[in-house]
Amino acid sequence: MFLAMRTAVEEALGETLAELGYPTDDLGIERPPEDVDAVLASSVAFRLADRAGAPPPAVANEIAEAFETETCAYVGRVETRGPYVNVHPGEQYFAETLAASQDTQYGRLEPRDRRVVVEHTSANPTGPVHVGRARNPVIGDALARLLEYAGYEVKRHYYVNDAGRQIATFTWAYETFDESELPEPERDSPEYDLVRYYRKGNTYLEAADPAAVETAESEIQTILQGLEEGDEAVYERVSDVVEDVLAGMRETLARLPAEFDEFVKETQFMRDGSTDDVVARLKDSEWAVYEDEAWQLAFPDIDKNLVFLRADGTSLYTTRDIAHHEWKFEHFDEAVTVLGEDHKLQAEQLRATLGLLGHDTDRLSTVHYSWVNLPEGGMSTREGTGIDLDDLLDEAIDRARGEVENRLGDRIREDDLDEDDVERIAHQVGIGAVRYDIVAQQPTKGITFEWERALDFEAQSAPYVQYVHARTCGILEQSELDGKHPETGRVDGAAAVDGTAVDSERLSSEAERDLLRTIARFPAVIDSGADELQPHVVATYTRDLADAFNVFYRECPVLGAKADTKRARLALVVAAKHTMANALDVLGVAAPESM
RNA sequence: GGGCGUGUGGCCUAGUGGACAGGGCGAGAGGUUCCUAACCUCUCGAUCGCGGGUUCGAAUCCCGCCACGCCCGCCA
């Protein structure tokens, strides 16, 4: 409703200004502050004051009076407050919001028929996922979900670096060292098992005597050359290691949960000849230079050449990534990549190169995030420093379980949680808290990892907003209009109340109106969040929604109200439940039915 | 040295041109015969890094400076 109303107001305001002889290029439409109960406002009077030769409040009045309220959808009345023109919604706005939000799919926008590939995580398959990179899958997965809600056809890709030097080193180390030389693995999972060889190999290359290192280096070079030439046998050797490590990493990521539609291997673009093809075209391009026996691109706007073919004739990561992105452009309308801030220059060079090759680079977007560091510094798989994501999640679940058990004693509600419930809640809250904490922040801000902060369940955390969802479920479960789903036995809001039959005018208190106004905004949050690729705005929204619901919860008893009021309030609770459930779904955070 | 990013009460954070900078943590005071107190109410606390500028209006835009992070590889 909010989106429709905004469109209508934009149109009507434009017409109003035109009639009065004012320019219509900047309507100054914005969202008013919290204490103003209008839904939309315009500050255009400020800018027109000079031209009108009148003070802003007078101009605002002139506009408000000329505004044709009757013909404008969803608008109830237009008033001024000082220089601002405030637009208040009419009853239809509330009625339709209430009706629309009875649908469990509330918040999903119309399909756009646009295919988007979201590439995220893409961590090198060298060992366990650590929290230094945990931002990537959390942001990436939330972004993919957000785009789906916004109506895009979304695929999630993990780009597997299976062709680089690190992987060659890994393969060599795996084939060279014996398990007896290694420490016990930290967990019973393939990536924890195999990373020991990788670390051992790197230590060896740093510390062994020069002759031994040279032998090792030549073996690593052989592997790299083999991959470059498309040698099947070498590919199989590397693949053994990569597949095992990746399988373990996938399991960890699935806990977040972050899952992928496709794992795209870098070697694919070497084997199918597309990298060679890119090299050939780049050599012919206007920015190509041959310097120091290597082919490079000298960008007009970037103060750093990109080597795309080494002196020894082999390709580089970025060269293959160019082929990779041409492949994306063939199969998708838009490509979004989530990358660490350390990849910024590379991303700029990639974009510029794609432009050089004649592609429309507006189709490519990059979301950068900054690292999660430890107080003592960065995290590294190779050096074995850092916190494993598995450990963080386990600890989060343990602490959440402790919280649930603590609260069990002084629980008012008599719904005896059994052991399975406790375990379910511990998982939903524990993992939800970690994920919410990451997704709620602007990705560009640096984070220093601290256990206490990451696992704080008070604060503005997942449990706070999850609790609201649990409360809505609790009310619905106890309502006489109880509409349990015939198969799952769960509370199904849409079955409990038919919102279209409910009179929204019964929801006339400030608390009810506020909640409804907040619910009405949800589709607009999805729209702008997707547009700007900012999932964190959805997290901010869940807090607004939780605040509004909590006020309503305090002020307006539902189950004890008289029949008609109760019916209307139940519809509002259903609306809040769907909105919160879907907002949490966008964030990839579980929506507990009890906690 | 150059490029990019970040800087908001003691701590964390929202807000990228408009209404007294919104929350949370913390500290203090209250609230449960009533739908879950992982909740709510009130109080305390901010020269929005510093200095200039543009504008009717700046946390937000521009310039300079400071601090921190990242990058500047024929690694990925």
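What's counted below: heavy atoms across the whole structure, side chains too, no hydrogens, waters or symmetry copies. Chain letters run A, B, ... following the sequence lines, proteins first, then strands; residues in each count from 1. The model shown is predicted, which means the values in this text are computed figures rather than measured ones.
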Length of the line joining A:D437:CG and B:G24:P, which is rounded to integer Å: 17 Å
Donor-acceptor pair under 3.5 Å, A:N86 side chain vs B:A19 base: yes
Test side chain to side chain contact (heavy atoms under 4.5 Å, CB included) applied to A:H325 and A:T361, A:T353, A:L350, the passing residue: A:L350
Sugar-phosphate, base or nothing in reach of A:Q442, heavy atoms under 4.0 Å: sugar-phosphate
Results of salt bridge (Lys or Arg N to Asp or Glu O under 4.0 Å) for A:K344 - residues two or more places apart only: none
Minimum-distance nucleotide to A:Y317 side chain [options: B:A76, B:A38, B:C35]: B:A76
Listed nucleotide nearest any side-chain atom of A:R47, set B:C56, B:C35, B:C75: B:C56
Salt bridge (Lys or Arg N to Asp or Glu O under 4.0 Å) partners of residues 160-169 of chain A, not counting sequence neighbours, each pair once: A:R165-A:E217
Side chain A:D35 and base B:C20 donor-acceptor under 3.5 Å: yes
Residues forming a ring-ring contact (aromatic ring centres under 6.0 Å, His included) with A:Y436, sequence neighbours excluded: none
Complementary nucleotide of B:C44, counting Watson-Crick and G-U pairs under 3.5 Å: B:G26
Restricting both atoms to N or O, compile the protein contacts to nucleotides 7-9 of chain B shorter than 3.5 Å, with distance only.
residue : atom : partner : partner atom : Å
B:G7    : OP1  : A:K445  : NZ           : 3.1

Pairwise C1' distance, B:G49 and B:G69 [rounded to whole Å]: 15 Å
Geometric class of the A:Y198/A:F170 ring pair [parallel <30°, tilted 30-60°, perpendicular >60°]: tilted
Phosphate OP1/OP2 of B:A76 contacted by A:Q166 side-chain N/O (<4.0 Å): no
Proximity to the side chain of A:Y553 - top-ranked nucleotide from B:G69, B:C71, B:C35: B:C35
d(CZ, A:F46; C1', B:A58) in whole Å: 13 Å
Watson-Crick/G-U partner (both atom distances under 3.5 Å) of B:G64: B:C50
Residue pairs, two or more places apart or on separate chains, that pass side chain to side chain donor-acceptor pair (under 3.5 Å) and touch residues 552-565 of chain A: A:R506-A:D564
A:R471 side-chain proximity, nearest of B:A76, B:C39, B:A19: B:C39
Closest to side chain of A:L559, choosing from B:C35, B:G5, B:C75: B:C35
B:U32 - base-pair partner by Watson-Crick or wobble geometry, distances under 3.5 Å: none
Sugar-phosphate, base or nothing in reach of A:A163, heavy atoms under 4.0 Å: nothing
A:I475, nearest nucleotide to its side chain (from B:C35, B:G73, B:G22): B:C35
Closest nucleotide among B:G23, B:A19, B:C4 to the A:Q460 side chain: B:G23
Base B:G5 to side chain A:E341, donor-acceptor N/O within 3.5 Å cut-off: no
Distance, P atom - from B:A58 to B:G1, rounded to whole angstrom: 34 Å
Nucleotide B:G17, atom C1' - distance to CZ of A:R31 in whole Å: 17 Å
Rounded distance (Å) that lies between atom P of B:G57 and atom CD of A:E30: 17 Å
Watson-Crick or G-U wobble mate for B:A59, both contacts under 3.5 Å: none
Whole-Å C1' distance, B:G17 and B:C48: 15 Å
A:F269: partners by ring-ring contact (aromatic ring centres under 6.0 Å, His included), with sequence neighbours left out: A:H324, A:W327
Rounded distance (Å) that lies between atom P of B:C68 and atom CH2 of A:W371: 21 Å
